[in-house]
Amino acid sequence: MQPFDNYAVAPEPAGLRTAYASSLNESRVGEVVQVCGWVNRIREHGEHLVFVDVRDFTGVVQCVVPRSENLHPEWVVQITGTVAERPDGTDNAQLASGRIELRDPTVRVLAEAEPIPFSLDERVELDEATRLRYRYIDLRRTRMQRNLRLRSIVNSAIRHSMEEQGFVEIETPLLWTPTPEGAREFLVPSRTQPQNFYVLPQSPQIAKQLLMVAGFDRYYQIARCLRDEDLRADRQFEFTQLDLEASFVTQSDILNFISHAIRAVVQAVRPETTIAIDTITWRDAMNRYGSDKPDRRFGAQLHDVTSIFSETQVKALNAPSVQAMIAPSPLSRARLDELVDRAKGLGAKGLLWLRVEEIDGQLSLNSPVSKFLADREQQQLVAALGAKANDTILMVADEWERAVTILGQIRLGLGRPLADQNILDFFWVIDFPLFEGLDEFGTPISAHHPFTMPNEDDFARLDTDPLSVRSQSYDLVLNGWELGSGSIRIHTSAIQSKIFEVLGIDEDTARSRFGFLLDAFKYGAPPHGGFAFGIDRLSALLAGEENIRELIAFPKTQSGSDLMTGAPKQVDADILAQLGLQPTARTKD
RNA sequence: GGACCCGUGGUGCAGCUCGGAGUGCACGCCGGCCUGUCAAGCCGGAGGUCGCGGGUUCAAAUCCCGUCGGGUCCGCCA
């Protein structure tokens, strides 16, 4: 096995070839070799000198062929030729095979090809719709070859790490039972039991907990998950997770398992990089960055300045919470107006901006509201933020979570373009709230899922102050993307019943939704917990891509279409009839 | 459900603000020339429903309305 650039690893040549393009170099001069691949480029210099570059997944090799050969780009060929050193001064340092070429070749055309619909040249930025329509051609490009091979190495490193740590790989069903909590599920009609449905699992969550009850102790799976929710740059209908669960462990053990796997992955694809995986609390993340998955590669942290404005004359600052930050880059007046609109679009009442100016050695604030700001407020604000001349201060006033979240979004929009692409900033976010808020009836809503174990120190507040209860759950974040999350699970029926009660899920409902899980827990459930992280996202960030579609061979568009196959498509009425289904007008939600 | 951006020969763009003949650039394709190129070079040629529909106008790629497709984001994603 020979490794090349772009994460390609060539096996021993076999079949129609005796060598790969990039494995040919001056050490093999004189050998007669057979290479196979696609005609990458043809350079004709007249009757006696024609260069043909043959491409395989390792790279290209130059062949000097007689002009009589009728060849075109992307034809599939087998070339038998003698490895020869190039004449002095004609080496190509950009190619692994750039010091040699194949001479006196025999060319066998294995398949002709029509002109391809777009260039494979890396420098041409293509419309994504065109790429997706001809994905099999797009995948020939170096970028996609590299990305998918990187992903393969990521998978491999994860498997090695899991096996090293004693995890057993077990597959769980793709045809599962509906679980009304959480993401919208894809339905699969049953033919043998008309009017009944399976669902495609949004994750193997419950299955893996049952494997703990079964005593497998440490389970993992590189699992496909399916969620019928709107797509984004970092979200497809189907995505792949490293899913794991372990018994008789605590939160810190789970974090160690995952950290081990993450380190193995980084070691495999970026051996020159060492990473630290530190930990911050959810509240800290929210206070400092206004996000539970902050991008910490740039500063511009948030500051709570509520107390400075407790007696302010500025009505806009009369709110439970006032948050401020220094913009990470200078902002024009037009840009500030845009930001105000954006903040309003995010639900803010407004966005206050103040420019720090230096007049006669004194810092003062220039802003639409400066004349309403007391000198004391101005001085304290400048001091609290450590503001300097020419800084722009941005402020949002509202209820705490809304204020930090909106300012956090503004921060991200301003700072992300400045972030260093080479940094890998992994960290854990811990101590999430168990509930993320109250529904319209005042009932708490699960932040993670209803099997998440509360923090034992907060148990007493489940009834009195449920929103303050922390959970034993944790997220892994990389460069501002949520890679994954996990938790310690509830394994006793007493606690589970208590949580269902707080969530307003009565016993009948619980039984109908999760009866099989609750039954299983009666027969001896070990304490257990687990985690899952998205391999599409991890691979994308390691590949320097901003979109997981670049790490997926055949992705869907934002509207859920496959532009190559045309899916989703209508099916014949008799197929629907077999399933006991009939078309009807869609009800809008 | 909502906001914004994009759609012009096979590909990538410009043209649109301020309406005047499908105008231009680069790549690719076809033909010719060319003995050391590697994004080869030079000469010539073919190739268009300006996404689609409607409107305004003497006249629409250009202005207006609608619609379809692609993208980014909000909602949504336990």
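So that the names make sense, note that chain A is the first sequence line, chain B the second, and so on, each numbered from 1. As the structure is a computational prediction, the values presented were derived from the model and not from experiment.
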When you measure from the side-chain N and O atoms of [X] to the phosphate of [N], is any distance below 4.0 Å, counting only OP1 and OP2?
| X | N | value |
| --- | --- | --- |
| A:R123 | B:A39 | no |
| A:R184 | B:G75 | no |
| A:R43 | B:U37 | no |

Using atom [atom1] of [X] as one end and atom [atom2] of [N] as the other, report the distance to the nearest whole Å.
| X | N | atom1 | atom2 | value |
| --- | --- | --- | --- | --- |
| A:L563 | B:C68 | CG | P | 16 Å |
| A:Q409 | B:C74 | CD | C1' | 8 Å |
| A:L339 | B:C73 | CG | P | 18 Å |
| A:L49 | B:C38 | CG | P | 12 Å |
| A:W481 | B:U72 | CH2 | P | 10 Å |
| A:E185 | B:C76 | CD | P | 18 Å |

| task | Please tell me which of A:H45 and A:L132 maps to the more 5' nucleotide of RNA chain B, matching each residue to the nucleotide holding its nearest heavy atom. | result |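 First, find each residue's nearest nucleotide; the 5'-ward one identifies A:H45.
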| said: Assuming nearest nucleotide by heavy-atom distance, tell me which of A:S203 and A:F51 is located more 5' along RNA chain B. | reply: A:F51
| message | On the six-membered ring of A:F51, is A:R41 placed so that its NZ or CZ lies under 6.0 angstrom from the centre and within 45° of the ring axis? | response | no
| Nucleotide opposite B:G24 in a Watson-Crick or G-U pair, distances under 3.5 Å | B:C13
| field | Residues touching RNA chain B, which here means a heavy atom under 4.0 Å, drawn from residues 85-96 of chain A | value |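 RNA chain B contact set from residues 85-96 of chain A: A:R86, A:P87, A:T90, A:D91, A:N92, A:Q94.
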| said: For RNA chain B, which residues of residues 227-235 of chain A approach it to below 4.0 angstrom with any heavy atom? | reply: A:R227, A:E229, A:D230, A:R232, A:A233, A:R235
| said: Aromatic contact between A:F451 and A:F514, with the criterion being ring centroids under 6.0 Å apart: yes or no? | reply: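 Yes, they do, as the ring centres are separated by less than 6.0 Å.
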| query | Taking the six-membered ring for Trp, are A:Y134 and A:Y136 parallel (under 30°), tilted (30 to 60°) or perpendicular (over 60°)? | reply |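 Judged by the thresholds at 30° and 60°, the geometry between A:Y134 and A:Y136 is perpendicular.
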| field | Listed once per pair and sorted, the side chain to side chain donor-acceptor pair (under 3.5 Å) pairs that draw on residues 473-490 of chain A, sequence neighbours left out | value | A:E245-A:R489, A:H449-A:R489, A:S471-A:S473, A:S487-A:R489
| request: For the pair A:R131 and A:E550, find out whether any cationic side-chain nitrogen is under 4.0 Å from an anionic carboxylate oxygen. | output: yes
| Would you find more than 12 non-hydrogen atoms of other residues, nucleotides or ligands less than 6.0 Å from A:E26 atom CD? |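 Yes, CD of A:E26 has more than 12 neighbouring heavy atoms, counting only those of other groups under 6.0 Å.
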Please tabulate, one pair per line, each protein N/O and nucleotide N/O from nucleotides 30-32 of chain B that are separated by under 3.5 Å, including the distance.
| residue | atom | partner | partner atom | Å |
| --- | --- | --- | --- | --- |
| B:C30 | OP1 | A:H72 | ND1 | 3.3 |

| field | Distance-only donor-acceptor test (3.5 Å): side chain A:E47, base B:U35 | value | no
What N/O pairs connect the protein and nucleotides 5-11 of chain B at under 3.5 Å? Give each pair on its own line.
| residue | atom | partner | partner atom | Å |
| --- | --- | --- | --- | --- |
| B:G10 | O2' | A:P117 | O | 2.6 |
| B:U11 | O4' | A:P117 | O | 3.3 |

| task | Treat primed atoms plus P, OP1 and OP2 as sugar-phosphate and everything else as base, then score nucleotides 41-47 of chain B 5' to 3': B for base contact with protein heavy atoms under 4.0 Å, S for sugar-phosphate contact only, - for none. | result | -------
| Heavy-atom closest pair, residues A:S291 and A:M286 | C-SD, 3.6 Å
